Amino acid sequence: MPEQPELTIQGWGPPPAGTDPAAGPDGALPKAARRYLARELGWTPRPTPPVPVAEIRLGPSRLPGSARAALAELLGEEHVLTDRESRLRHAGGKSYLDLLRRRSGDASDAPDAVVRPGSTEETAALLARCSTEGVVVVPFGGGTSVVGGLAGVDPDDRPTVAVDLSRMASVQALDVPSSLVSVGPGMRGPALEEALGREGLTFGHLPQSWEFATVGGYAATRSAGQSSTGVGRFDELVAGLTLATPSGVLELGHPPASAAGPDLLGLALGSEGTLGIITEVRLRVRPKPAASSYEGWSFRTWATGLAALQRLARHDLLPNVVRLSDADETRANLLMAAGAGAKALRGSLRARGRGEGCMLVLGWEGLPDLVRARRRAAASVLRDGGAVRLGRRVGDSWRRHRFGAPYLRDRLMDGGLLVETLETAATWTALPTVYDATRRALRESLTRNGRPPLVLSHLSHGYATGGSLYLTVIADRDDALPIQQWLTAKRAATDALLAAGGTLTHHHAVGADHRPWLEQEIGPLGVDVLRAVKQQLDPNGICNPGVLLPD
Ligand SMILES: Cc1cc2nc3c(=O)[nH]c(=O)nc-3n(C[C@H](O)[C@H](O)[C@H](O)COP(=O)(O)OP(=O)(O)OC[C@H]3O[C@@H](n4cnc5c(N)ncnc54)[C@H](O)[C@@H]3O)c2cc1C
């Protein structure tokens with residue numbers, strides 16, 4: 001297998017070879033983006049580069065010699081790592097707060113060691129050993145958590161190991177007639193798609209973190225991808241999995257379906273490493289689509305766009321990819337994109353007397369006849385709803401650049417900006433209120449020197465019952481108190497979206513960042529049920545204690 005690219009310690013990964021997804025010709029923030037942001041935010045670009053990696057502060061490993069020797073005996077000396085580079089590479093995830101810490105030279109959340117089991121048996125033995133030794137275990141997939149899922153915080157301050165799953169990263173079995181593949185948890189999307197593609201198959205899960213996130217991470221967080229409206233969320237793709245826990249190994253799920261009591265598979269999906277480690281995932285796969293069609297549409301307003309999507313949902317006409325941007329996001333996308341295409345599009349919208357409006361990207365995939373028929377039926381609903389078609393170029397351009405934003409985030413942070421995303425979901429009825437309330441909270445909290453932040457929103461996944469709302473926030477950073485600035489805004493936004501009827505998270509998971517609100521979402525009895533399950537599987541509380549469950 002070719003060597004996989006690595007995330008950088010203080011940001012996202014280097015762009016894939018031959019592409020430059022976000023940069024202008026000189027590798028800097030594109031000029032159009034700089035101009036737009038300076039105008040909107042009153043922001044003066046200022047260089048705020050990360051400290052050199054060599055200057056990141058890291059304490060000595062606290063893993064006792066006896067525990068280290070026991071783990072080395074189980075896994076082999078070469079799979080128990082305490083060197084600086086390994087510990088830094090497994091320190092936290094990739095939220096704005098994680099990046100602020102790493103960029104300022106703080107790695108106080110780094111694990112004391114990194115261990116790399118190679119099988120379910122080794123993982124189960126590792127967990128049992130860590131449980132008796134009092135060593136905390138943080139499962140580590142791709143390291144792309146944006147909710148503090150890898151924070152490694154332990155109320156008892158015990159030594160911590162990150163369990164890197166990259167040695168379990170291959171296809172273990174493929175059952176083509178049953179459309180099932182068994183995969184190691186450390187496998188990433190590109191490698192799995194390549195392996196499935198050789199058999200004419202796909203699993204079709206495409207989150208923006210696709211290049212680096214892993215199958216085990218997707219299952220542990222109940223991830224959703226850009227095509228989830230069509231192929232289903234990741235939890236819907238999981239037919240079964242193996243969960244190694246300190247108390248033993250659970251085999252969960254029984255395809256194609258079972259009525260043998262409540263579905264325990266649901267307990268492992270979204271468990272965020274708190275119950276044990278997922279060591280194998282059995283996934284539903286499908287034939288590679290023979291045809292695909294991506295295109296852009298424009299609505300005058302967000303409300304008319306939402307109404308049209310709701311009609312598509314009601315008639316079961318939502319395509320694989322659905323992405324309706326509000327006016328602010330549409331404007332930002334048009335003005336920040338460099339190049340002739342964006343300029344021409346703006347000109348064409350102006351010529352039609354539409355202004356920038358609200359852009360919709362739709363993507364259909366599947367058998368050619370079905371794609372054609374569904375596209376045609378959807379187009380008629382959209383036209384009735386007042387949309388104008390912008391054509392394939394818009395859809396194809398979105399598809400080409402869809403993994404570029406995280407690279408751009410590094411550059412925006414280099415220039416002194418706060419950049420973070422948050423997400424929720426709500427019913428069609430509640431969505432407009434959730435949208436208004438969350439935006440208001442963010443704008444009020446992050447206004448500086450009389451200038452509000454940019455809050456760019458889109459609906460990213462459609463359901464018969466509602467949709468997911470995804471917000472990107474860009475603001476002038478408070479360099480004196482950057483962490484406090486975002487924590488205050490995030491608290492205000494979370495309180496607002498919950499009060500308006502949104503869910504705490506549609507796909508980023510709970511992690512350390514959302515856990516104070518979990519009880520509000522599932523109730524005190526719900527939290528007690530989760531605690532009881534954890535007590536049974538992880539009696540010494542070593543499995544990722546700092547996430548999911550509130551104190
Ligand atoms: C730029 C960017 C874009 C993103 N876009 C999306 C998106 O479009 N959709 C989306 O859903 N998410 C997105 N995310 C969030 C993140 O990629 C997902 O949560 C993803 O599922 C995490 O996978 P990972 O392998 O990186 O897991 P990690 O970050 O390594 O871990 C996430 C959590 O799962 C636990 N875990 C990991 N592996 C296992 C395992 N085998 N067994 C038990 N627990 C485990 C960890 O302990 C941790 O709590 C994005 C993140 C970034 C930084």
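Only a predicted model underlies this, so the values are computations on that prediction, with no experimental measurement involved. Read the numbers this way: they start at 1 and go in the same order the structure lists the ligands and their atoms. Note: hydrogens, waters and symmetry copies are ignored here, and every other heavy atom, side chains too, is used.
- Screening residues 217-231 for salt bridge (charged side-chain N to carboxylate O under 4.0 Å, His left out), with sequence neighbours left out, gives Arg222-Asp235.
- Partners of Arg188 by side-chain contact (heavy atoms from CB on, under 4.5 Å), not counting sequence neighbours, listed by chain and number: Gln4, Pro5, Glu6, Pro190, Phe212, Thr214.
- Partners of Ser247 under the side-chain contact (heavy atoms from CB on, under 4.5 Å) rule, at least two apart in sequence or in another chain, are Thr245, Pro539.
- A salt bridge links Asp551 with Arg515: the distance from a Lys NZ or Arg NE/NH1/NH2 to an Asp or Glu carboxylate oxygen falls below 4.0 Å.
- Listed by chain and number, Trp12, Lys94, Pro139, Phe140, Gly141, Gly142, Gly143, Thr144, Ser145, Val146, Gly149, Leu150, Leu165, Pro185, Pro207, Gln208, Ser209, Ala213, Thr214, Gly216, Gly217, Tyr218, Ala220, Thr221, Ser223, Ala224, Glu272, Gly273, Gly276, Ile277, Ile278, Pro406, His507, His508, Asn544 each place a non-hydrogen atom less than 4.0 angstrom from ligand 1.
- One finds a salt bridge joining Glu280 and Arg282 here, because a Lys/Arg side-chain nitrogen approaches an Asp/Glu carboxylate oxygen to under 4.0 Å.
- Contact check on Lys94 versus Asp98 returns no salt bridge, with no Lys/Arg side-chain nitrogen under 4.0 Å from an Asp/Glu carboxylate oxygen.
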